[in-house]
Amino acid sequence: MNYENVMKLALERGFYFPSCEVYGDAQAGFWEYGPSGVGLKNKFLELWRRELVRRDGMLEIDGSQIMSKSVFEASGHLGSFADPIIKCTNCKSTFRADRTIAEMAKIDIPESADLEDFDKAIKENDIKCPKCKGTFENTKKFNMMFKVGIGPEEEIAYLRPETCQSIFVDFPRLFKIMRGKLPLGIAQVGKSFRNEIAPRQSLLRLREFYQAEIEVFCNPARLQEIERFEEIQDTVIRVQTESEPVSMTCKEAVERKIIPNKFVAYYLGILTEFYEKTGIDITKSRFRKLGEKEKAFYAEVAFDFEVETTIGWLELVACNYRSDYDLSSHAKKSKEKFEVMDNDEKVLPHVFEISMGIDRSLYTILEHSLKDDKENERTVLSLKPYLSPIHVGVLSLVKKDGLKEKTDEIYVKLKRKFDAFLDHSGAIGRRYRRLDEIGSPFAVTVDHQTLEDETVTIRMRDSMEQKRVKVSELDSILGEYTSFP
RNA sequence: GCGGAGUUAGUUUAGUCUGGUAUGACGUCAGCUUCCCAAGCUGAAGGCCGCGGGUUCAAAUCCCGCACUCCGCACCA
């Protein structure tokens with residue numbers, strides 16, 4: 001199914017919808033998750049914790065969304081997260097100052113240069129708008145970070161543009177008090193904020209968005225020594241270094257030097273295993289190795305995990321080897337010590353980052369799971385049972401003859417353990433289809449036989465088959481089918 | 001940010017040229033009926049027609065501005 005179908009489902013069934021929609025001054029790039037969306041998101045994150053955080057013995061923290069100016073001076077975001085832009089006085093088009101000058105006059109000015117340098121170059125080389133030959137306004141800096149004023153004096157701080165900075169600045173304390181040993185993963189889920197010029201496509205480019213980030217601190221001298229590599233050496237990943245993605249095992253990827261070391265390969269491996277369990281079609285995925293110009297300013301080696309959807313390849317995760325970029329800049333700026341002992345060696349750890357976009361991942365799960373079942377005239381959201389916002393619908397075949405009361409009784413028993421949904425209203429087929437659309441994998445139906453022998457039917461979403469089971473067994477059956485893998 | 005197209009109920013849609021406050025479908029709710037896959041009947045709720053301004057006796061409709069959505073360009077640590 002395509003973007004339009006997913007959007008319709010999202011709006012009709014409460015997965016997500018525009019923020020502040022009743023007001024005309026609502027800004028673009030802000031969306032809310034409704035009940036179904038929150039259900040899916042919570043379960044997705046639980047899976048992430050199981051498959052990455054707990055599997056690897058990582059620490060999870062929850063940091064501030066507003067962070068001080070110093071953090072971003074050290075991180076480089078105040079300098080490099082801003083683009084020098086020029087605007088044409090005639091046609092109002094905007095361009096990157098450094099790129100336009102490089103293109104038109106063959107002069108390289110670093111993007112972090114003073115704004116006067118750009119203006120000077122434009123004047124001296126008589127650079128005009130490439131579109132309409134108009135003249136340019138003075139160069140401005142466009143920083144993607146949201147500024148906030150703190151306290152009555154409105155001291156400047158920023159909404160974080162990525163969650164990971166708290167992991168870096170908290171590292172010295174965490175390593176000490178949590179008795180850390182390299183390699184050590186520290187994880188965080190939370191919101192980040194970027195003032196995108198053109199937010200678009202609902203969850204795919206937001207100004208306020210969720211990230212699940214992992215920073216693995218490691219000794220750069222020991223990147224070939226990761227013990228747990230054996231666990232994933234035979235896991236098949238798809239890697240694209242040139243034109244087409246190629247499937248290979250993690251072991252092969254390291255041997256052929258497509259991935260630089262076992263350490264990076266291990267994390268790409270467990271990441272692939274995680275995404276496989278979300279129900280995303282992994283044959284439509286790739287780790288795309290980024291070229292020099294595409295990489296973020298802090299990255300030494302970078303792989304984007306991308307998945308193909310009906311609107312093209314979507315970047316779900318950025319995997320960056322950030323070297324000691326972050327720790328050394330924070331050490332220098334804060335004058336704190338960031339070195340730690342690894343066996344008998346004092347090292348400033350390097351960082352490998354797995355920066356996941358949660359919103360885009362959820363969209364992709366929805367798109368890959370949404371099926372148009374023409375044969376049975378229904379729309380089915382074939383979510384993995386453990387990700388479904390509703391685990392089980394509890395339905396009465398008819399309301400009369402005491403079936404309603406019996407159904408209520410069963411619902412009360414189930415609802416504290418499972419995400420259960422009670423429904424008495426309308427024809428039974430209609431109720432099944434409603435459940436199909438929000439991805440509920442099971443429906444329990446109470447009929448006349450229930451009153452006689454304490455059995456109910458349990459209907460499977462995907463096959464539409466039904467089995468008769470004892471009410472007393474529901475707990476264990478549902479528990480088994482809806483538990484995380 | 002530039003260019004283009006659009007915005008009418010939860011969703012989808014007619015009406016806009018040719019001005020007279022809105023149509024159908026699906027969905028929702030209640031009742032009856034049937035009782036295992038969107039059946040039927042009856043009834044109901046739900047719209048300041050994206051927002052603001054202008055023209056007019058009168059604006060969903062004409063004009064202007066803005067916002068948002070989608071497409072293309074640019075941008076995307």
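Below, read A as the first sequence line, B as the second, and so on, with proteins coming before strands; counting in each chain starts at 1.
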Taking [X] for the side chain and [Y] for the main chain, is one N or O donor matched with an acceptor at less than 3.5 Å?
X: R205(A); Y: A198(A); value: yes
X: D453(A); Y: T455(A); value: yes
X: N2(A); Y: E4(A); value: yes
X: R461(A); Y: Y432(A); value: no

Could you tell me how far [M] sits from [N] if I compare only their [atom1] atoms? Round to whole Å.
N: A45(B); M: A30(B); atom1: C1'; value: 10 Å
N: A59(B); M: A22(B); atom1: C1'; value: 13 Å
N: C62(B); M: U16(B); atom1: C1'; value: 10 Å
N: U42(B); M: A25(B); atom1: P; value: 12 Å
N: G24(B); M: G19(B); atom1: C1'; value: 23 Å
N: A9(B); M: C66(B); atom1: C1'; value: 25 Å
N: C29(B); M: G46(B); atom1: C1'; value: 10 Å
N: A60(B); M: G50(B); atom1: P; value: 10 Å

Write down the distance between [atom1] ([X]) and [atom2] ([N]), rounded to a whole number of angstrom.
X: F30(A); N: A67(B); atom1: CZ; atom2: P; value: 15 Å
X: D304(A); N: C76(B); atom1: CG; atom2: P; value: 14 Å
X: M144(A); N: C75(B); atom1: CE; atom2: P; value: 12 Å
X: L403(A); N: U34(B); atom1: CG; atom2: C1'; value: 14 Å
X: L314(A); N: C76(B); atom1: CG; atom2: C1'; value: 13 Å

**Candidates K371(A), R459(A), R431(A) - the one meeting side chain to side chain donor-acceptor pair (under 3.5 Å) with D436(A)** = R459(A)

**Item:** Selection: residues 199-206 of chain A, any non-hydrogen atom under 4.0 Å of RNA chain B
**Value:** R200(A), Q201(A), S202(A), R205(A)

**Message:** Would you say the rings of Y33(A) and F15(A) are close, in the sense that their centroids are separated by under 6.0 Å?
**Reply:** no

**Request:** State yes or no: are the ring centers of F263(A) and Y321(A) separated by less than 6.0 Å?
**Result:** no

Salt-bridge criterion met for [X] and [Y] (N-O under 4.0 Å):
X: D119(A); Y: K123(A); value: no
X: R468(A); Y: D447(A); value: yes
X: R207(A); Y: E196(A); value: no

**Complete:** Pairing partner of C49(B), by Watson-Crick or G-U wobble and under 3.5 Å for both distances, is none

**Item:** Base partner of C41(B), which must satisfy Watson-Crick or wobble distances under 3.5 Å
**Value:** G31(B)

**Message:** Is it the case that the side chains of S355(A) and E213(A) hold a donor-acceptor pair, with the cut-off being a distance below 3.5 Å and no angle test?
**Reply:** yes

**Prompt:** Does a donor on one side chain and an acceptor on the other come within less than 3.5 Å for R288(A) and Q240(A)?
**Reply:** no

**Complete:** With B for base contact, S for sugar-phosphate-only contact and - for none (protein heavy atoms under 4.0 Å), nucleotides 35-54 of chain B reads BBBBS---------------

**Request:** Could you encode protein contacts along nucleotides 5-13 of chain B as a string, one character per nucleotide from 5' to 3', using B for base contact, S for sugar-phosphate-only contact and - for no contact, with a heavy-atom cut-off of under 4.0 Å?
**Result:** ------S--

**Request:** With RNA chain B as reference, determine whether P161(A) or D25(A) sits nearer its 5' end, using the nearest nucleotide of each.
**Result:** D25(A)

**Request:** Using a 4.0 Å heavy-atom cut-off across all strands, classify Y23(A) as base, sugar-phosphate, or nothing.
**Result:** nothing

**Message:** Under 4.0 Å, counting only non-hydrogen atoms across every strand here, what does A198(A) touch: a base, just sugar-phosphate, or nothing?
**Reply:** base

